[in-house]
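Each remark here refers to the structure printed beneath this line.
Quick note on labels: first sequence line is chain A, next is B, and so on, each numbered from 1.
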There are 2 protein chains.
Amino acid sequence: MRETILHKCEVKGLRMTGQRRVIVQVLETAHQDHPDVEALYAKVTEIDPSISIATVYRTVKLLEEAGILIRNEFADGRARYETADREHHDHLIDLSTGKVIEFCEPEIEALQEKLVAKLGYKIRFHRLEIYADPINSDETD
Amino acid sequence: MRETILHKCEVKGLRMTGQRRVIVQVLETAHQDHPDVEALYAKVTEIDPSISIATVYRTVKLLEEAGILIRNEFADGRARYETADREHHDHLIDLSTGKVIEFCEPEIEALQEKLVAKLGYKIRFHRLEIYADPINSDETD
DNA sequence: GTAGTTGCAAATTCTTTGCCACCGT
DNA sequence: ACGGTGGCAAAGAATTTGCAACTAC
């Protein structure tokens with residue numbers, strides 16, 4: 001139910017500085033790209049060049065701790081962010097473009113639960129990342 | 001099957017220096033722990049204190065490129081290594097101890113394949129990590 | 001007004017690398 | 001012998017932090 005990030009920040013009682021408004025505005029339109037801090041910083045400084053990258057780092061961390069953003073660490077080493085307002089899902093990373101596709105497979109989740117219970121554990125969280133190439137794209141194998 | 005790492009290195013024609021022998025010897029006994037470079041370095045310098053951490057980094061990288069080691073990056077940020085001589089498997093990380101348990105669930109793999117094919121992709125590699133707590137241990141929830 | 005924020009640069013953490021002496025084959 | 005290696009310390013890349021000035025509430 002598409003509530004704005006800004007609204008969530010207000011609900012959480014976060015102090016909304018000019019910098020945070022800009023960062024949140026960028027996230028509002030870019031969160032589907034799973035941007036990293038560098039990408040966010042680039043868009044943010046287009047709007048307000050005086051914002052420092054430290055502020056971007058501090059703000060995404062704040063929003064993560066507030067449960068508004070989710071930090072992902074894919075195989076490229078950097079942290080990439082998405083909004084936390086959707087159902088749990090996993091990620092398919094298109095190796096030819098870097099694009100991230102979200103998917104959810106309840107059957108896989110159920111199997112995980114079962115398996116982990118069999119091992120005597122209870123899942124706290126998990127991550128499944130699939131790195132893949134498009135089928136129709138040329139088979140560079 | 002249980003071929004020694006040292007033997008694999010020789011087969012690959014890697015020059016076996018004193019330092020590499022020590023590092024390989026440590027890996028031989030510690031690879032089931034999925035040690036990180038720091039852990040390896042600690043054990044290595046117990047045997048030969050003159051070996052530098054740069055050499056450990058260079059050697060694990062070399063062994064990874066030779067297909068002898070697999071580098072994992074779990075949620076703790078550092079690279080952790082295991083030998084590449086076993087079947088593909090995924091990891092369950094025991095949050096209470098940090099211990100890593102390997103598992104293989106062909107059903108999950110099959111579902112992944114099917115799903116990814118449906119999305120028009122072909123899997124190159126994937127990673128599934130499950131972070132969990134023991135059931136009998138106290139429920140810190 | 002005051003505590004929370006910011007920018008800047010310096011610090012951290014993990015990993016890589018340039019350089020020159022050294023050692024395996 | 002000679003080209004691949006190792007040690008050391010400096011360089012990198014991503015991220016965090018100390019501090020003094022600033023600003024939202």
Side-chain angles (χ1 to χ4, degrees), chain A residues 6-27 34-66 68-81 98, chain B residues 6-27 34-66 68-81 98:
Chain A
L6 180 58
H7 181 60
K8 288 184 175 189
C9 291
E10 288 164 348
V11 168
K12 294 272 180 182
L14 302 182
R15 186 185 292 204
M16 292 316 290
T17 62
Q19 292 90 329
R20 289 187 183 169
R21 278 174 207 283
V22 171
I23 294 167
V24 160
Q25 170 192 339
V26 167
L27 281 167
H34 298 73
D36 57 26
V37 169
E38 196 181 319
L40 288 174
Y41 179 61
K43 293 201 178 191
V44 159
T45 49
E46 273 177 29
I47 299 172
D48 179 350
S50 73
I51 295 176
S52 83
I53 197 162
T55 297
V56 180
Y57 272 107
R58 280 192 273 233
T59 302
V60 291
K61 185 176 213 183
L62 178 80
L63 296 183
E64 187 201 357
E65 284 162 358
I68 295 169
L69 287 184
I70 288 176
R71 149 185 273 169
N72 292 114
E73 291 209 28
F74 301 144
D76 59 10
R78 305 157 249 156
R80 301 174 57 156
Y81 293 87
Chain B
L6 180 58
H7 181 61
K8 288 185 175 187
C9 290
E10 288 165 347
V11 168
K12 294 271 178 182
L14 302 182
R15 186 183 294 204
M16 292 317 291
T17 62
Q19 293 89 330
R20 288 186 184 169
R21 279 175 205 283
V22 171
I23 294 167
V24 160
Q25 170 191 341
V26 166
L27 280 168
H34 298 72
D36 57 27
V37 169
E38 196 181 319
L40 289 174
Y41 179 61
K43 295 201 177 192
V44 159
T45 49
E46 273 176 30
I47 300 173
D48 179 350
S50 73
I51 295 177
S52 83
I53 197 165
T55 297
V56 179
Y57 272 109
R58 280 192 273 233
T59 302
V60 291
K61 185 176 213 179
L62 178 80
L63 297 183
E64 188 201 356
E65 284 162 358
I68 295 170
L69 288 184
I70 289 176
R71 150 185 271 168
N72 292 115
E73 292 208 27
F74 302 143
D76 58 11
R78 309 159 243 154
R80 301 174 58 158
Y81 293 86

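Looking at residues two or more places apart in sequence or on another chain, you find a salt bridge (charged side-chain N to carboxylate O under 4.0 Å, His left out) between B/Arg80 and B/Asp76. Listed by chain and number, the residues in a side-chain contact (heavy atoms from CB on, under 4.5 Å) with B/Ser52 are B/Ala54, B/Thr55 (sequence neighbours excluded). In terms of the ring-ring contact (aromatic ring centres under 6.0 Å, His included) criterion, residue partners of A/Phe74 (sequence neighbours excluded) are, by chain and number, A/His91. Residues satisfying the ring-ring contact (aromatic ring centres under 6.0 Å, His included) test with B/Tyr41, not counting sequence neighbours, are none.
End-to-end axis angle of the helix from C/dG1-D/dC25 to C/dT25-D/dA1, using five pairs per end and rounding to 10°, comes to 30°.
On the nucleic acid side, DNA chain C has its first and last nucleotide under 4.0 Å of a heavy atom of chain B at C/dC14 to C/dT25, going 5' to 3'.
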*Start with the C-alpha gap between A/Leu27 and A/Ile68, add the side-chain angles, then the distance that decides, and say whether side-chain contact (heavy atoms from CB on, under 4.5 Å) holds.*
CA-CA 11 Å; A/Leu27 281 167; A/Ile68 295 169; over 6 Å; no

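Counting only residues at least two apart or in different chains, side chain to side chain donor-acceptor pair (under 3.5 Å) contacts with residues 11-21 of chain B are absent. Evaluation of the salt bridge (charged side-chain N to carboxylate O under 4.0 Å, His left out) test over residues 34-61 of chain A, restricted to residues two or more places apart or in two chains, returns A/Asp36-A/Arg78.
DNA chain D lies under 4.0 Å from at least one heavy atom of each of the following residues of residues 70-80 of chain A: A/Arg78, A/Ala79. Proximity of residues 13-20 of chain A to DNA chain C (heavy atom under 4.0 angstrom from any strand atom) is restricted to A/Arg15, A/Thr17, A/Gln19, A/Arg20. Only B/Ala54, B/Tyr57, B/Arg58, listed by number, bring a heavy atom of residues 44-59 of chain B to less than 4.0 angstrom from any atom of DNA chain C.
In this entry the distance linking OH of B/Tyr41 with C1' of D/dC8 reads 11 Å, nearest Å. Taking atom CG on A/Leu40 and atom P on D/dT15, their separation rounds to 11 Å, with Å as the unit.
Between B/Arg21 and B/Lys61, the residue anchored nearer the 5' end of DNA chain C, judged by the nucleotide with its closest heavy atom, is B/Lys61.
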